[in-house]
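Order of the sequence lines fixes the chain letters, A, B, ..., with proteins taken first and strands second; residue numbering starts at 1 for each chain.
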Amino acid sequence: MPELPEVEAIRRRLETEVVGSEIVSTCVHRASTTHPQRPAPVESHTAAHRIEAIRRRGKNLLLELSGGIVLHIHLRMSGNLYVLAGDGHRPATARVTFELSDGRALIFDDTRALGKVHVYKARDMPHLLRGIGLEPLSSEFTVEALANAARGARQPIKIFLLDQRHIAGLGNIYAAEALFRAGIDPRKPAGKLRRSRLKALHAAIVAILADAVQSAHIAYASPGRFREAERFPLLVYNRAGEACGICGRAIRRILQGGRSTYFCPGCQR
DNA sequence: AGTCACCTGATT
DNA sequence: AATCAGGTGACT
């Protein structure tokens, strides 16, 4: 489920809940979650370490542990990270359990088991993250930086936005919503957008993600999982056939790179 | 840029 | 039974 806003909401929540806590033991319940690393090293390199900080880079969560160890977690499609009280029931979909010294447990829950948990030395992280693109809610993400990234790109702009090497954190939902808000046809080649269009797109991305972080924070606030109803309304995603709220034309669904793209043929040109 | 693979579950 | 799902990496 998670794109940048959901990952950031999880990060903020965990920051208040587990930074400063010590992991006493770790159990990997599904080997594919740590693949190609073996479960044993992940377990041994996290046990007896304290969680010192939690950072996010795009959709990646980085738990900085004592002793120069980084726990790298990617939630992929269905991952979630949350704290379970000492008397809580661990669900069957838990893929990794980190037992904390105060009796609580940090659970990596992942229904589809596509998510990843790996351990690295802190000094290796810059190398491992080198291919990740602009952080859209940071000061480095400017119209100029977006224009530089898009220059000469022949990919459709929707495909371009999903490519984490350009911008880190957009996924299928918010890419579609940002393009709608900016009034851009998702099939338009990225490198052919005029500066005025890029400016609108830049503003749309920042506004959508900032709003979505806020609502995701609320949606995750109560214990349990993401509450869809709390998210701010999506204007095109998953609305094929419905009337566009602006122009009234039917929202279309097309395939790009094997994935659904939703857009309004009236508003996006 | 398209297709498959990795997984499970919801929906048609 | 078939299709779809908020992600990504390895093919072609």
Proximal nucleotide (of B:dT8, B:dA1, C:dG6) relative to the A:Ile173 side chain:
C:dG6

Less than 4.0 angstrom between a side-chain N/O of A:His74 and OP1 or OP2 of C:dT8, yes or no?
yes

Please pick, from C:dG7, B:dA1, C:dG6, the nucleotide with the shortest atom-to-atom distance to any side-chain atom of A:Glu6.
C:dG6

I would like to know whether A:Arg12 and A:Ile54 meet side chain to side chain contact (heavy atoms under 4.5 Å, CB included); could you show each step before the answer?
CA-CA 8 Å; A:Arg12 290 184 186 182; A:Ile54 306 183; over 6 Å; no

Is A:Gly171 touching bases, backbone alone, or none of the nucleic acid, heavy atoms closer than 4.0 Å?
sugar-phosphate

Describe the nucleic acid contact of A:Lys116 in one word from base, sugar-phosphate, nothing, applying a heavy-atom distance below 4.0 Å.
nothing

Taking the P atom of each, how far is C:dG6 from B:dT12, in whole Å?
16 Å

Tell me whether the OP1 or OP2 atom of C:dG6 has a side-chain N or O from A:Tyr174 closer than 4.0 Å.
no

By ring-ring contact (aromatic ring centres under 6.0 Å, His included), which residues pair with A:His166, not counting sequence neighbours?
A:Phe160

Using only side-chain N and O atoms of A:Ser78, determine if any of them is under 4.0 Å from OP1 or OP2 of C:dG6.
no

Can you check the A:Leu162 CG to C:dG6 P distance for me, whole Å?
9 Å

Nearest to the A:Lys59 side chain among C:dT8, B:dT8, C:dA5, which nucleotide is it?
C:dT8

Any A:Leu162 side-chain heavy atom under 4.5 Å of A:Gln256 side chain:
no

Pair pattern of DNA chain C in dot-bracket, where unpaired bases get dots and | marks partners in another strand, Watson-Crick or G-U under 3.5 angstrom
|||||.||||||

Mind calculating the distance between CG (A:Asp110) and P (C:dG7) to the nearest angstrom?
13 Å

Student check: side-chain heavy atoms of A:Leu75 and A:Lys59 closer than 4.5 Å:
no

Within this structure, what is the CG-to-P distance between A:Asp163 and B:dA1, rounded to whole angstrom?
9 Å

Using side-chain heavy atoms (C-beta onward) and a distance below 4.5 Å, is A:Leu65 in contact with A:Ile51?
yes

Which nucleotide wins on minimum distance to the side chain of A:Arg30, given the candidates B:dT8, C:dG6, B:dC6?
B:dT8

Strictly below 4.0 Å: does A:Arg259 bring a side-chain N or O up to OP1 or OP2 of B:dA1?
no

What is the distance, to the nearest angstrom, from the CG atom on A:Leu129 to the P atom on C:dT8?
13 Å

Same cluster or not: are A:Val7 and A:Ile10 linked, directly or through other Ile, Leu, Val, Met, Phe, Trp or Tyr residues, by side-chain heavy atoms under 4.5 angstrom apart?
yes

Between atom CG in A:Asn80 and atom C1' in B:dC7, what is the gap in whole Å?
17 Å

Please state the P separation for the pair C:dA1 and B:dC7 - nearest whole angstrom.
22 Å

What is the distance from CG of A:Asn172 to C1' of C:dA5, rounded to the nearest Å?
9 Å

Taking atom P of C:dG7 as reference, at what distance in whole Å does atom CD1 of A:Ile132 sit?
14 Å

Side chain A:His202, main chain A:Phe141, donor-acceptor under 3.5 Å:
yes

Using heavy atoms to find the nearest nucleotide of DNA chain C for A:Gln164 and A:Arg112 separately, return the residue whose nucleotide is more 5′.
A:Arg112

Between A:Arg11 and A:Glu15, does any NZ, NE, NH1 or NH2 come within less than 4.0 Å of an OD or OE carboxylate oxygen?
yes

For A:Ile208 and C:dG6, give me the distance from atom CD1 to atom P, rounded to whole Å.
16 Å

Does a salt bridge link A:Glu135 with A:Arg56, judged by any charged N lying under 4.0 Å from a carboxylate O?
yes

Establish, with yes or no, whether the OP1 or OP2 oxygen of B:dC6 is under 4.0 angstrom from a side-chain nitrogen or oxygen of A:Arg76.
no

Give one of base, sugar-phosphate or nothing for A:Ser32, where a contact means two heavy atoms less than 4.0 Å apart.
sugar-phosphate

Heavy atoms under 4.0 Å, any strand shown: does A:Arg165 hit a base, just sugar-phosphate, or nothing?
nothing

Taking donor-acceptor contacts at under 3.5 Å, does the side chain of A:Glu3 reach the base of C:dG7?
no

